[in-house]
Amino acid sequence: MGNKDIVTGMLVDVETTGLSPKQDEMIEIGILLFRYNQAADEFLEIEEKHSYLREPQSSGALANYPFAQRVHGIPFEAVQGQAFEDERVQEAFAKADFAMAHNASFDRSFICTMYPEAAELRWHCTVRHIPWKEYGFSNSKLLYLVQQHGLGSSQTHRALDDVMQLHALLQCKNEDEESYLKAALSRRPMGKYGEKKTGYRRFGTR
């Protein structure tokens with residue numbers, strides 16, 4: 001992100017037919033692009049919001065659909081005949097200075113399988129890059145954190161809804177009066193997708 005004060009962040013969430021990007025497929029993607037002033041730790045305007053459904057194509061993904069539906073609740077009829085608007089999704093990747101997701105290793109693995117160019121983004125994980133337990137929270141599940149911060153009482157497991165909840169959560173502040181987003185960005189980003197995993201290390205001073 002260089003020395004820019006104003007950056008464009010991307011929050012993303014996907015719903016899938018299962019847990020393996022080799023065997024399963026994305027059936028929904030939610031994307032939010034927003035402007036953020038790093039120097040002032042200030043959230044600016046939301047630039048874009050996108051939500052797309054797609055019908056899975058492989059026999060394995062189709063076979064897994066009934067089991068996955070128990071989690072995301074999206075009936076097959078809703079995705080049948082649908083497809084992501086690839087050009088709009090790729091344009092969003094090109095505009096972002098960084099990408100962030102809750103449990104990003106999962107979302108990123110599916111996104112980069114379908115859109116390899118997304119691997120070039122600076123990725124952060126809002127589960128691993130924010131020390132929730134140090135802040136007094138017993139776990140890092142999104143619904144729990146949303147409830148604890150008075151931002152809602154339920155989770156739909158729909159991609160854009162989860163992204164909007166995450167956007168609201170990241171604006172809340174820790175005991176140092178810095179936003180959770182700032183705390184996440186102060187950590188080293190995830191290693192490039194496909195490379196050997198390394199440990200997470202905070203850099204700079206608090």
Side-chain angles (χ1 to χ4, degrees), residues 1-14 29-50 91-109 111-112 118-153 155 159-193 195 197-206:
M1 292 187 291
N3 296 319
K4 293 192 298 182
D5 284 346
I6 309 298
V7 294
T8 297
M10 169 189 281
L11 302 182
V12 63
D13 185 72
V14 302
I29 189 169
I31 295 171
L32 184 149
L33 290 178
F34 66 101
R35 301 279 278 171
Y36 172 67
N37 186 324
Q38 298 186 99
D41 190 17
E42 180 183 7
F43 282 72
L44 305 175
E45 73 276 9
I46 292 175
E47 291 189 308
E48 299 178 20
K49 292 186 292 183
H50 303 288
E91 287 175 351
F93 293 148
K95 294 174 183 177
D97 291 300
F98 66 89
M100 194 170 282
H102 207 65
N103 192 21
S105 58
F106 175 82
D107 300 86
R108 185 177 71 160
S109 67
I111 290 170
C112 290
E120 300 304 316
L121 280 168
R122 174 188 174 115
W123 281 86
H124 286 271
C125 176
T126 56
V127 171
R128 293 186 177 91
H129 288 163
I130 301 174
W132 297 112
K133 288 190 177 180
E134 289 182 23
Y135 296 156
F137 302 103
S138 62
N139 68 69
S140 57
K141 293 182 179 180
L142 182 60
L143 176 57
Y144 167 79
L145 294 169
V146 165
Q147 290 173 333
Q148 291 296 305
H149 289 83
L151 301 173
S153 59
Q155 185 178 8
L160 189 58
D161 290 344
D162 285 359
V163 163
M164 293 299 295
Q165 286 186 322
L166 181 59
H167 183 252
L169 178 65
L170 290 173
Q171 295 177 64
C172 297
K173 296 184 182 296
N174 61 20
E175 69 264 18
D176 295 326
E177 287 301 309
E178 65 180 13
S179 72
Y180 292 140
L181 176 63
K182 182 177 181 179
L185 292 177
S186 72
R187 295 221 172 181
R188 176 184 291 179
M190 299 168 67
K192 187 173 180 181
Y193 181 71
E195 293 181 346
K197 292 182 179 179
T198 58
Y200 293 95
R201 179 175 66 85
R202 185 170 179 129
F203 61 90
T205 57
R206 295 188 66 177

Asker: With sequence neighbours excluded, what pairs up with Ser109 under the side chain to side chain contact (heavy atoms under 4.5 Å, CB included) test?
Answerer: Pro21, Tyr193
Asker: Between Val146 and Gln155, is there a side-chain heavy-atom distance shorter than 4.5 Å?
Answerer: no
Asker: State, yes or no, whether a side-chain contact exists between Leu33 and Ile46 at a heavy-atom distance under 4.5 Å.
Answerer: no
Asker: Looking only at non-hydrogen atoms, find the nearest pair between Ala159 and Gly30 and report the distance.
Answerer: CB-N, 3.3 Å
Asker: Within this structure, what is the CG-NE2 distance for the pair Leu170 and His102, rounded to the nearest 0.5 Å?
Answerer: 9.0 Å
Asker: Using modelled atom types and a 3.5 Å cut-off, is there a donor and acceptor pairing between side-chain atoms of Trp123 and backbone atoms of Ser105?
Answerer: no
Asker: Test your reading of the model: is there a side-chain donor-acceptor pair from His149 to the backbone of Leu145, 3.5 Å cut-off?
Answerer: yes
Asker: As an exercise, state the distance from CD of Gln165 to CG of Leu160, rounded to the nearest 0.5 Å.
Answerer: 10.5 Å
Asker: Apply side chain to side chain contact (heavy atoms under 4.5 Å, CB included) to Asp161 and list each qualifying residue two or more places apart in sequence or on a separate chain.
Answerer: Thr156, Arg158
Asker: Counting distance only, does the side-chain N/O of Asp13 pair as donor-acceptor with the main-chain N or O of Val163 below 3.5 Å?
Answerer: no
Asker: Report yes or no: do Asp97 and Tyr36 form a side-chain donor-acceptor pair below 3.5 Å?
Answerer: no
Asker: Taking C-beta and beyond as the side chain, do Leu32 and Met10 meet within less than 4.5 Å on heavy atoms?
Answerer: no
Asker: I want to check something: taking the side chain as every heavy atom from C-beta on, are Cys172 and Leu151 in contact at a cut-off of under 4.5 Å?
Answerer: yes
Asker: Is the backbone of Val127 close enough, under 3.5 Å, to the side chain of Ser140 for a donor and an acceptor to pair up by distance?
Answerer: no
Asker: Distance alone, cut at 3.5 Å: any donor-acceptor contact between the side chains of Ser138 and Tyr144?
Answerer: yes
Asker: First locate atom CE of Met164, then atom CG of Leu169, and finally report the distance between them rounded to the nearest 0.5 Å.
Answerer: 13.0 Å
Asker: Quick check for you: to the nearest 0.5 Å, what is the distance between Leu185 atom CG and Tyr180 atom OH?
Answerer: 15.0 Å
Asker: Report the C-alpha distance between Thr8 and Glu47 in whole Å, list the side-chain angles of each, state the deciding distance to 0.1 Å, and finish with yes or no for side-chain contact (heavy atoms from CB on, under 4.5 Å).
Answerer: CA-CA 9 Å; Thr8 297; Glu47 291 189 308; 3.3 Å; yes
Asker: Locate the shortest heavy-atom distance separating Cys112 from Ala118; write the atom from each residue and the value.
Answerer: SG-C, 3.9 Å
Asker: Minimum heavy-atom separation for Glu177 to Asp41, with atom names?
Answerer: O-OD2, 4.4 Å
Asker: Does some side-chain heavy atom of Met100 sit less than 4.5 Å from a side-chain heavy atom of Pro189?
Answerer: no
Asker: Okay, side chain of Gln171, backbone of His167: is any donor-acceptor separation there less than 3.5 Å?
Answerer: yes
Asker: Considering only heavy atoms from C-beta outward, does the side chain of Phe98 approach that of Leu121 to under 4.5 Å?
Answerer: no
Asker: Side chains of Gln148 and Phe137: closer than 4.5 Å at any heavy-atom pair?
Answerer: yes
Asker: Run the side-chain contact (heavy atoms from CB on, under 4.5 Å) check on Ile111 and Phe106 step by step: do they pass?
Answerer: CA-CA 9 Å; Ile111 290 170; Phe106 175 82; over 6 Å; no
Asker: Using the rule given for side-chain contact (heavy atoms from CB on, under 4.5 Å), can you reason through Leu44 versus Ile6, listing the C-alpha separation, both sets of side-chain angles and the distance that settles it, and then say yes or no?
Answerer: CA-CA 9 Å; Leu44 305 175; Ile6 309 298; 3.8 Å; yes
Asker: Could you give the distance from CG (Asp5) to CG (Asn37), rounded to the nearest 0.5 Å?
Answerer: 5.5 Å
Asker: Measure the spacing between CD of Gln147 and NZ of Lys141 and express it to the nearest 0.5 Å.
Answerer: 11.0 Å
Asker: For Asn139 and Trp132: C-alpha separation, side-chain torsions, deciding distance, then whether side-chain contact (heavy atoms from CB on, under 4.5 Å) applies.
Answerer: CA-CA 7 Å; Asn139 68 69; Trp132 297 112; over 6 Å; no
Asker: Heavy atoms, side chains only, cut-off 4.5 Å: are Arg187 and Arg128 in contact?
Answerer: no
Asker: Spell out, as yes or no, whether a donor-acceptor pair under 3.5 Å connects the side chain of His50 to the backbone of Ile29.
Answerer: no
Asker: So does Lys95 pair up with Glu48, basic N to acidic O under 4.0 Å?
Answerer: yes
Asker: Work out which heavy atom in Met190 is nearest to a heavy atom in Ala104; give both atom names and the distance.
Answerer: SD-CB, 3.7 Å
Asker: With no hydrogens and no angle check, is any side-chain donor or acceptor of Asn174 less than 3.5 Å from a backbone partner on Glu178?
Answerer: yes
